[in-house]
Amino acid sequence: MNLKTPPQWINKFILWYCRPEYFQEISGDMQEMYTKWVSSKGKARADLSYLWNAILFMRAYNCQLKLKTQRLNHMDMLQHTLKLSLRNIRKHKVYSIGNILGLAIGISVTLMIFLHVKQELSYEKAYPKHDRIFRVASHNEWAKSPPSMAEELRSFFTDVEETCRFAKYRGSAVIVESNNKRFISSEVFFADPSITDVFDLHFVYGNPVQVLENSNGVLITSSTSQKLFGNDNPVGKTLKLNEAKEAFEIQGVIEDFPMRSHIKADVLVSMAKFYDEIPENWTSSRGWMVMYTYALLKSVENKESFYNRMPGFMEHYLHEETVRDMIASGNFIEIMPLLDIHLKSDKIQEIRANSNIAYIYIFSTLAIFILVIACVNFINIFTTLSFKRLREVGLRKIVGANRKQLISQFLVEACTTASLSAVIGLMICVVALPYYNQLVDVTIGVEELLATSNLFRIALMAIGLGIISGLYPSILVTGYGLTDSVLGNNNPKAHISLFRKGLIVFQFALSLFILISTVVVSRQMNYIQNKDLGYDTDHLITFRIYGEMGREILKNRKGFLTTLKENPQIHNVSLTSNLMGEPLSVEYFAPAEADPEADFGSVNMVWTDENYLETMNIEVVQGRDFRAKTDTSIAFLVSQQLADLWERDVVGTMAQFREESGPIVGVFKNVNYYSLHTSIAPLVICLRPAWTGNVVVKIDSEEPFETIDFIESTIKEKSPDAILQFDFLDEKLSQLYKSENDLFFIFKGFSGIALIISCLGLLGIAAIEVQRRTKEVGIRKVLGASANNILSLLAKQFALILFLAIALSIPSSYYMAKQWLAEYSYAIKLSSLEFFLPSVGLIVISLAVVGLHSIKIIRSNPTESLRNE
Amino acid sequence: MKGTSLGEFEELCLLAVAILLNDAYGVSIKEEVEGRTGKKWTLSTVHSTLIRLEKKGFLISRMGGATESRGGRAKRMFEVTNLGKKAINEARELRNKMWLDIPQVLWEGGTR
């Protein structure tokens, strides 16, 4: 019988796993069988059988993987070390709990912020073409652009593949009605048909081809469809907006816009409808900024040429003069990548208020700070505990452990503790996530937290932290000579090294930094929210009017106001186009006799009825308020600032606005219509009740909800179908400062956490220091030192650490506070108090921590401390 | 009895080793057992059983008999130890005894 050779790699495989003592016989037997197999069933099947048998031979008795044999001892050692570390944790319960908890809190905070930041950075990524979409705004301070720009962009830039425009449907709240159901939406937009392509809309019902082409076409999102039609297919059904007579045809149902996108819409109306309704001279205007224009580039590589050729486009698109003016004032047409909008765009009239990249930086910095503090803490406590085990190290050395083994022992212990912390941190996160979501208004799911990639990262972080934190103490503790180690605690070298002191200084400087920042932020927030805005915010109810109800109220305005005012709870009622904090219309406004060439610029304008100043309690400083009897047509009130700007006596003069002119009847005290992020701008209040859409009601402080019921029933008498949403103005205004308030909350929480972790660290250090000096204290007491003497002796070196920390953190926090406050038009003046108080607080708390620990040994009988040898 | 008990396949292997006397090694044992039972066993099953039997003390082994057909590799040659002989003997006796105790009526009772 000829010898057939089986595949060599299988032999190598057997050689790899097989115990050497069995290799000969197994491979010999296999060879014999192989020769038989080849003759009986052919080479291919023989090979297969050979492999199969080779695999089957991998059994416990002979399968001694070589890797394993070499590691066997290490595995035992690892097991031993793990057991030891758990025992050590149990032995020093207080320190260990402090240590693990501190790190766990640090990890959970970091984790939470990491997820938050990740979420913020994931905006718009759900659109497949996100990297090729750019928003083009015709002015860098505005988010919008004129209607005609999109077409010009397409023809000017060959690399623009497609454009897509959005425009807000009239009014900020729209009644959407279909299938005998209705709801109020503030997210109704006109949109180009190209939206299906640019933003890759997914259709649940309907065909993406030829939607929004004719002027009565609308698309609705699936959640809108759910509200109106349940699970039915609504394609082809009609839909009405704002109770108007004409009906739209639902051409398709699209999936909801991604949650993490700055674009949100419930209903998309065909852009053709917009052109139907707006006069041609407006839609063709190149100065009317009304649309959000998005351009889709053919490829990402075209980005650079797109940017480079934009100045050329500006000259092509705008009037020569406009371009000159814009360049003179440093303005330009601005391209903003879609991905940047959520974090970097903070322009006038954004689709929605965006987040701010500064918060991302602040959050990340905070997270890193807290993690660093927790790590420093970990190093400190771990070192403290390690020193208590000098004898153990010495003994291990005597038995024959080399330094590498000892270091790895400490590293494993550090990693074990860190892993425990990570697990606890993860649990804290899971529990705290819903609260965090609520607090900062984000939607991080638990599944995101527990995603495999995330868990992997946490594991990596724990091991990394363990190694980083364990390295220093292990090198230090194992570095002592044999006799020193065995002598243990009394080793004079076991004092707190400069490095560790440096770490504590660093830790405290960071904590103090966060503490000072918290004080500054909270003072600023208080200042902003209590600052005199120039008008009342209390006891004001607002609601929007629209549709039939709105028309009814505006038609019979006087009667409506009188009916409401009959209720003694209602002090005053007024109509206005925009509420405080809402973006205002910007209009050209100038004296009537002014030279057309003279530049009077644009002003913010709000349209109201006669009672507005009185209702809002805005003070008239010159002239008079509107009067219902005398002011029958258009009339104006201007702000003090505008009057000053015009440098003339404006009361009684005529002013022009659009194609009309009317008298300026008075000047009112400056009010801050937007938030206090911006400074006061010139404002004109124009008497034109027909253009209003909000009702403001000044009520008595008692029984506000009864008053609301009264208003609602009054309106429902005339318009039974009306949907009303009441808001309190002060609550609405506080929304403007929501991001700051969130930030403030987080700051407060985090500074508390940082302080607690730091104090835990200090406690650890104090403990070892006090213990080291037990004998010294005993001798001093014998020689007659008083408790005070000893306390001050012990506190002295900690005081030095604290002062260093304070000296480090005050300048840096001062600088950062300045930077942050510069964003506000109304900022607090930084005083020494903001820095002094937290510092004193820190000193008191930490000395208390040290003192509490010291008192125990100060009180003890010196014989006890001196006896311990 | 633990440790000295014999599984069915163990018993088969032990008997095969006894039958083969001086030529008992992996492949020959496998073929002997297969030839007698008409069932197929993989080499690894046989081998692991032999090693187990050796650990229990029923078999001893030595290396030897490298041949051309094995690619020059040695065989593990097995021999039954006294303990092994005792074990198969006990197994047989146990069966015989149990056979004897089967009531005659079972065979006479006819078909079931």
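Convention: sequence-line order gives letters A, B, ...; per-chain numbering from 1. Since the model is a prediction, treat every value here as computed from it, not as a measurement.
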For Q24(A) against R73(B), the heavy-atom pair lying closest together
O-CB, 3.7 Å
For chain A, the option from A74(B), G26(B), S48(B) that forms the most heavy-atom pairs under 4.5 Å
S48(B)
Are there more than 12 heavy atoms of other residues, nucleotides or ligands under 6.0 Å from atom CZ of R45(A)?
no
Drop me the distance from I26(A)'s CD1 to L43(B)'s CG, to the nearest 0.5 angstrom.
8.5 Å
Any Lys/Arg nitrogen of R76(B) or E21(A) sitting under 4.0 Å from an Asp/Glu carboxylate oxygen of the other?
no
Could you tell me if the side chain of Y22(A) sits less than 4.5 Å from the side chain of I51(B), heavy atoms only?
yes
CZ of R92(B): more than 12 outside heavy atoms within 6.0 angstrom?
no
Heavy-atom count check: over 12 atoms from other residues, nucleotides or ligands less than 6.0 Å from K91(A) NZ?
no
Check N53(A) against T42(B) and note the closest heavy-atom contact, atom names and distance.
OD1-CB, 4.0 Å
Test K36(A) against V27(B) for side chain to side chain contact (heavy atoms under 4.5 Å, CB included), laying out the working first.
CA-CA 11 Å; K36(A) 287 181 190 168; V27(B) 176; 3.6 Å; yes
Please look at S28(B) and chain A and tell me whether the side chain, the backbone, both or neither of the residue comes under 4.5 angstrom of a heavy atom of that chain.
neither
Ranked by heavy-atom pairs below 4.5 Å to chain B, first place among S27(A), S49(A), A54(A) goes to S27(A)
Any side-chain heavy-atom pair from Y25(B) and E25(A) closer than 4.5 angstrom?
no
Residue K41(A) excluded, over 12 heavy atoms near NZ under 6.0 Å
yes
